[in-house]
Number of protein chains: 2
Amino acid sequence: MGRWRPDARERLQQAAFELFAEQGFAATTVPEITTRAGLTTRTFFRHFADKREVFFADEVEMPKVVATLMAEAPASATPMALILEGMRPLVETRFEGRKEVLRQRRELLRSDDGLRERDLRKRAAMADAIREGLLARGLDRTRAALIAETGVTLVYVAIAEWLDTDDDRRLDDIIREAFETLRSELGAS
Amino acid sequence: MGRWRPDARERLQQAAFELFAEQGFAATTVPEITTRAGLTTRTFFRHFADKREVFFADEVEMPKVVATLMAEAPASATPMALILEGMRPLVETRFEGRKEVLRQRRELLRSDDGLRERDLRKRAAMADAIREGLLARGLDRTRAALIAETGVTLVYVAIAEWLDTDDDRRLDDIIREAFETLRSELGAS
DNA sequence: CTAGGTGATGACACGACATGTCATCGCGTT
DNA sequence: AACGCGATGACATGTCGTGTCATCACCTAG
């Protein structure tokens with residue numbers, strides 16, 4: 001058994017998700033994960049800051065991706081349009097067509113307070129990345145924060161709606177519907 | 001030394017904040033807190049679910065307060081107005097005039113990832129309470145979620161702005177300014 | 001071809017967090 | 001005075017997360 005088998009991180013992630021699915025997040029211990037992956041506990045914590053992080057391993061680069069897309073995008077009509085445009089590729093590649101997988105993921109998320117909490121942090125990280133992007137475009141602090149948070153809210157609320165319903169509306173359309181709903185609700189003039 | 005001295009929870013909270021101020025959140029252990037309060041470690045966890053919770057002990061009932069205020073309020077012009085109206089007493093009693101204390105609190109919050117994460121959960125709990133209130137008023141799921149989240153965002157962004165600046169604008173006014181900013185920002189499309 | 005150098009992993013120890021369980025005590029009720 | 005209830009103490013335990021040093025594979029220089 002070769003020490004040094006490659007892809008330690010991926011093996012850990014794989015083993016973790018198998019165990020989470022089999023017995024839940026809380027009931028799965030880190031030693032269980034590392035045993036299945038053929039590694040040691042210490043190595044797990046070299047690849048993931050804590051047990052929760054492995055759950056979000058696939059999504060770590062999402063904030064950077066959005067930030068890059070926003071930075072490269074041409075000047076949009078409005079900051080909010082810029083955000084929604086920057087989100088579109090992510091929505092397309094990571095959400096659309098994966099509804100069932102994402103529903104399973106949400107079930108796991110709902111089963112554990114710690115995971116829910118970490119999910120909020122990931123959401124905040126996304127908002128931060130967007131806020132930085134808006135600051136770089138010259139928006140003032142408060143405006144940038146406001147729009148970034150609102151943009152992320154739109155996407156998350158839309159995702160919830162999308163996962164809750166069984167029709168085949170596209171997530172992208174639901175996001176835009178949410179935008180229109182909020183607009184009219186605020187009485188934007 | 002009487003077992004049974006009253007106010008165990010308050011003593012724990014007091015001791016905890018003293019120690020957090022003296023040596024930071026992470027460097028403070030639960031046994032340290034309980035020793036100073038004249039109690040045992042086990043008792044700490046009977047009063048607070050975990051070490052982070054004691055930090056937010058003063059704010060646990062805030063979501064319920066807002067929910068009650070919203071439930072008792074007469075029908076407002078708009079749901080968002082209802083939220084901001086429901087927030088006003090809280091803003092008045094827990095924020096206005098306490099800027100320095102709240103700045104200190106924010107410093108502690110910034111010093112620890114775990115605390116920041118828990119703060120996000122408290123924020124989410126507030127949004128949930130508001131969302132329930134809106135649902136009870138007959139709004140549909142998505143609309144209620146959208147407006148509740150946006151309302152909480154307005155308040156939090158405004159608080160940040162308020163704490164960042166040294167002028168003597170009232171927080172309530174900053175919240176309304178933020179509302180107008182968002183309104184115009186979404187409307188301009 | 002061999003001697004380092006580098007980087008990832010193993011092995012071990014350890015402190016803190018969090019929880020289960022049962023005993024103990026203060027206090028009010030009857 | 002006996003009893004019950006609720007809060008606390010005392011003890012044990014499991015998991016998490018980190019510090020530290022040794023070990024091994026691979027690469028590169030000479």
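The sequence lines fix the lettering, A, B, ..., with proteins before strands; numbering per chain opens at 1.
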(request) Kindly point out which of D/dC16, D/dT8, C/dC17 is positioned nearest to the side chain of A/Val30? (result) D/dC16
(request) Round to the nearest Å and state the distance from B/Ile33 atom CD1 to C/dC17 atom C1'. (result) 12 Å
(message) At less than 4.0 Å, is any side-chain N or O atom of A/Thr43 found next to OP1 or OP2 of C/dT9? Yes or no.
(response) no
(request) Rounded to the nearest angstrom, tell me the gap between atom CZ in B/Arg11 and atom P in D/dA7. (result) 14 Å
(request) Grab the CG-P distance between A/Asp113 and C/dT19 for me, whole Å please. (result) 11 Å
(message) Need one value for A/Thr34: base, sugar-phosphate or nothing, where a base atom within 4.0 Å counts as base even if backbone is also close, heavy atoms only.
(response) nothing
(message) Show every ring pair (Phe, Tyr, Trp, His ring centres under 6.0 Å) that has at least one partner inside residues 50-94 of chain A, sequence neighbours left out.
(response) A/Phe17-A/Phe55
(request) Report yes or no: is there a donor-acceptor pair, N or O only, under 3.5 Å between the side chain of A/Arg46 and the base of D/dG17? (result) no
(message) If the threshold is 4.0 Å, N to carboxylate O, is there a salt bridge linking B/Arg118 and B/Asp50?
(response) yes
(request) Rounded to the nearest angstrom, tell me the gap between atom CZ in A/Phe48 and atom P in D/dT15. (result) 20 Å
(request) Return yes if the base of C/dG20 and the side-chain atoms of B/Arg42 contain a donor-acceptor N/O pair under 3.5 Å, otherwise no. (result) yes
(message) Just to verify, what does B/Arg123 make a salt bridge (charged side-chain N to carboxylate O under 4.0 Å, His left out) with, not counting sequence neighbours?
(response) A/Glu149
(request) Using whole Å, report how far CZ of B/Phe44 lies from P of C/dT19. (result) 11 Å
(message) Could you check whether A/Lys122 pairs with A/Asp119 (Lys NZ or Arg NE/NH1/NH2 to Asp/Glu carboxylate O, under 4.0 Å)?
(response) no
(request) List the atom of A/Phe179, the atom of A/Met80, and the distance in Å for their closest heavy-atom pair. (result) CE1-CG, 3.7 Å
(message) Between C1' on C/dT21 and CZ on B/Phe45, what's the gap in Å once rounded to a whole number?
(response) 17 Å
(message) Between A/Arg9 and B/Phe25, which residue's closest nucleotide on DNA chain C lies nearer the 5′ terminus?
(response) A/Arg9
(message) Rounded to whole Å, please give me the gap between CG in A/Leu12 and C1' in C/dT9.
(response) 11 Å
(message) Please give me every residue in residues 49-60 of chain A whose heavy atoms get under 4.0 Å of an atom in DNA chain D, ordered by residue number.
(response) A/Ala49, A/Asp50, A/Lys51, A/Arg52
(request) For the pair B/Arg88 and B/Glu96, evaluate salt bridge (charged side-chain N to carboxylate O under 4.0 Å, His left out) and give the outcome as yes or no after the intermediate values. (result) CA-CA 10 Å; B/Arg88 198 202 288 270; B/Glu96 219 75 72; over 6 Å; no
(request) Ignoring backbone atoms, establish whether B/His47 has a side-chain N or O less than 4.0 Å from OP1 or OP2 of D/dA7. (result) no
(message) Do the side chains of A/Glu100 and A/Arg105 get close enough for a salt bridge, i.e. N-O under 4.0 angstrom?
(response) no
